[in-house]
Amino acid sequence: MKKIINLLMLFLLALPGMAQQKTKISGKLLNCKDRQLELTPSTGNFKDSIMINADGSFSYETDKIKSPFRANLTNRKQIQIQLFLAPGYDLQITADVSDYETARSSIKYAGKGGANNHYWEKRPIDTLKRVPKDTVNWMKKDEDTYIAYLKRTKSTSHIDQVFGPDNTDPYRDYFKRSLQLDQKFGDLISIMDYYTYQHKYTPEQTDRMINRLGLGNMNDVLNRKENLASSNFCYVINYIYPYHAKARDQVTDEKANPAIPNYSLFKIAQLYKGAVYDFVFEDKLNRNLDFIYKVTELEKYKPYILKVQNTEVRKKLLATYDKKLKSSSFLRIGGPAPYFNLPDTSGVLHSLAGLKGKVVYIDLWASWCGPCREENPHMQKLYENYQHNPKLAIISIAVNDLKTRKNRYAILKENKPLWLQLEDQNDVVLKDYTANSIPRFILINKEGKIVDADAPRPSNLDVLSTLLDKELAK
């Protein structure tokens, strides 16, 4: 036992030195349709992008990877290359990515880190999915039968083969344990995301079935730092368990409901602690940040940032928060609306300054945006309700839509909107109004100041009309 503890201490002491090493990924992806791929995490929170040359070759290097994690190299449609990454890896990847199956059969890993990544080359097809294909309709079986099916002895032959004694990679045991944990938490996903959903279980029935898995006390299980090595565990704590807990609250405790300000953050802080809380909150903040437009909404995150225990993570999140707060202050309620001077469909320029004295309701949209087009009939109704009020200007501005201008003109010709149609040709509005997602609606008062940088949609006409009437009456 003393020998094992000493070896563990040596490994832990070596980690800081290992973490300072650069991580490299290079290789060639034949028939790659995109010039840029995303490096997205399935564990951890490291993200980046990798540029691909015209011939499919690429070379990427970073010193920001401080610990082992699992990732995907993807363009979110054609390519999904799974990776084990760690400090000091110099990984070479080759594949023909013409389509998913070709990529899977042709993928090869070499170089430092290749020994672990060989797992992805000939892995059983069921390991590609969080829940294996249900070829015998297990989901339709009774609960006892299904639990027995989940508790069956699962094959680990491929894991044992790749991560055997011949594999001398320093992160071998970490990634082997990661895959073993995946099997364990894959069962939890199969219950919460599939079986109980299909059988319309109540939260209490779901809790009972989870307990039958024999995982132990869930509060304990959900807060074990070592479980963060599993991509299935990360999926559970990020995307499944908070919503399950929310459903339980609505059933068992009327006081704990979505009326609580920023309920999802409240629930995360209630469920998780330590490293697990730090991970879940950092992931949530990073995913949500681009879609927060109001300073008041952003400020709700500050107390939860201060709950982060890891000093480095907390410092990084506070820096990110301060940067976003500074950029969002331009859209602060009562602050001046960013200036624009944009052409209409005839090329005539229209400026925001020229609309002073009017309440301005702006619709940011694009022809390729389905939800934007769903708002069109409601925009028509809004216009009909206010067309005779000279104190209201309704404007649609097409953003990030130059390449599909032909489609947009076809839509305008078909719908024949009578309100002003402008085009953000140089991405001025896109940047100044931080239009990271659309549709988005902005309300500006008669003095040219922001009333709401994320105003109600026309499809929520009653709420929007109340707000418009209030501003028009001033």
Side-chain angles (χ1 to χ4, degrees), residues 258 288 290-294 296-297 328 331-335 337-338 340 342-345 350-352 354-401 404-405 407-424 427-430 432-474:
N288 289 1
D290 285 344
F291 308 106
I292 300 172
Y293 307 110
K294 300 178 182 179
T296 52
E297 286 300 311
S328 297
L331 300 177
R332 185 184 292 273
I333 294 173
F340 61 76
L342 303 174
D344 61 21
T345 52
H350 299 263
S351 71
L352 180 61
L355 296 170
K356 195 167 185 180
K358 294 186 177 186
V359 174
V360 182
Y361 183 69
I362 298 175
D363 158 36
L364 302 183
W365 78 295
S367 60
W368 46 262
C369 169
C372 299
R373 295 180 64 176
E374 288 175 6
E375 292 291 331
N376 285 347
H378 305 289
M379 282 290 290
Q380 178 64 37
K381 179 66 175 175
L382 174 69
Y383 174 77
E384 291 171 0
N385 289 355
Y386 288 91
Q387 61 181 315
H388 300 302
N389 192 325
K391 291 298 182 182
L392 176 64
I394 299 174
I395 306 173
S396 288
I397 302 178
V399 296
N400 196 21
D401 201 34
T404 48
R405 178 188 285 169
N407 293 340
R408 173 160 35 96
Y409 281 7
I411 292 169
L412 295 177
K413 185 177 180 180
E414 178 185 351
N415 293 342
K416 298 181 175 60
L418 297 176
W419 59 94
L420 191 59
Q421 301 290 321
L422 303 181
E423 181 178 70
D424 185 26
D427 293 338
V428 173
V429 170
L430 185 75
D432 289 350
Y433 286 85
T434 60
N436 299 308
S437 67
I438 51 176
R440 169 117 164 270
F441 300 89
I442 300 156
L443 184 60
I444 300 169
N445 69 15
K446 295 175 183 177
E447 298 176 350
K449 296 180 179 179
I450 295 286
V451 175
D452 196 336
D454 191 17
R457 297 184 178 193
S459 53
N460 193 4
L461 190 56
D462 290 343
V463 174
L464 175 58
S465 296
T466 299
L467 189 57
L468 289 175
D469 293 343
K470 180 180 178 182
E471 290 302 319
L472 288 167
K474 291 181 180 179

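All figures in this text were calculated on a predicted structure; none of them were measured in a lab. Heavy-atom basis, side chains included; hydrogens, waters and symmetry copies ignored.
Here the shortest heavy-atom pairing between A393 and K358 reads CB-CD, 4.3 Å. Between C372 and P439, the shortest heavy-atom distance links the atoms SG-N, 3.5 Å. For the pair E374 and P377, the tightest heavy-atom approach, listed with the atom from each and the gap, is O-CD, 3.4 Å.
With no hydrogens or angles considered, no side-chain donor-acceptor pair links Y361 and D452 at under 3.5 Å. Side-chain contact, D401 with T404: a donor N or O sits under 3.5 Å from an acceptor N or O.
Atoms CD1 and CD1, from I397 and I442 in turn, are 7.0 Å apart once rounded to the nearest 0.5 Å. Atom CG of residue N376 and atom CG of residue L382 lie 12.0 Å apart, to the nearest 0.5 angstrom. Taken from OG in S396 to OH in Y383, the straight-line distance is 12.0 Å, to the nearest 0.5 Å. To the nearest 0.5 Å, atom CZ of residue R405 and atom OG of residue S367 are 11.0 Å apart. Summarising the geometry, atom CD1 belonging to I395 is positioned 9.5 Å from atom CE belonging to M379; distances are rounded to the nearest 0.5 Å. Distance check: K356 NZ to I444 CD1 gives 12.5 Å after rounding to the nearest 0.5 Å.
Partner L443 forms a side-chain contact (heavy atoms from CB on, under 4.5 Å) with one of V360, I362, D454, V451 and no other, that one being V451. E384 pairs in a side chain to side chain donor-acceptor pair (under 3.5 Å) with only one of the listed residues (H388, Q387, Q380), which is Q380.
Side-chain atoms of R457 never come within 3.5 Å of backbone atoms of H378 as a donor-acceptor pair (strictly under, hydrogens ignored). Checked by atom type and distance alone, the side chain of N445 pairs as donor or acceptor with a backbone atom of E447 at under 3.5 Å. Between the side chain of W368 and the main chain of N400, a donor-acceptor pair closer than 3.5 Å is present. At distances below 3.5 Å, at least one donor-acceptor pair connects side-chain atoms of K446 with backbone N or O atoms of L472. A donor-acceptor pair is defined here as one N or O able to donate and one able to accept, closer than 3.5 Å; no such pair exists between the side chain of R332 and the backbone of I450.
For the disulfide bond (SG atoms under 2.5 Å apart) condition, no pair includes a residue of residues 438-474, sequence neighbours left out.
Checked against ring pair (Phe, Tyr, Trp, His ring centres under 6.0 Å), Y433 has no partners two or more places apart in sequence or in another chain.
Contact annotation: the side chain of F340 never approaches that of D432 to less than 4.5 Å [non-hydrogen atoms, C-beta and beyond]. Taking 4.5 Å as the limit, every side-chain heavy atom of E375 sits out of range of all side-chain heavy atoms of D363. L461 has its side chain within reach of N385: a pair of non-hydrogen atoms, C-beta onward, lies under 4.5 Å apart.
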Checklist entry - Between H350 and L355, is a side chain to side chain contact (heavy atoms under 4.5 Å, CB included) present by the stated rule, with each step listed? => result CA-CA 9 Å; H350 299 263; L355 296 170; over 6 Å; no

Next on the checklist: With side chain to side chain contact (heavy atoms under 4.5 Å, CB included) as the criterion, how do R408 and Q421 come out once you've worked through the C-alpha distance, each side chain's angles and the decisive distance to 0.1 Å?
Outcome noted: CA-CA 11 Å; R408 173 160 35 96; Q421 301 290 321; over 6 Å; no

Item to check | Derivation and outcome, side chain to side chain contact (heavy atoms under 4.5 Å, CB included), residues D424 and V428 | outcome: CA-CA 6 Å; D424 185 26; V428 173; 3.8 Å; yes

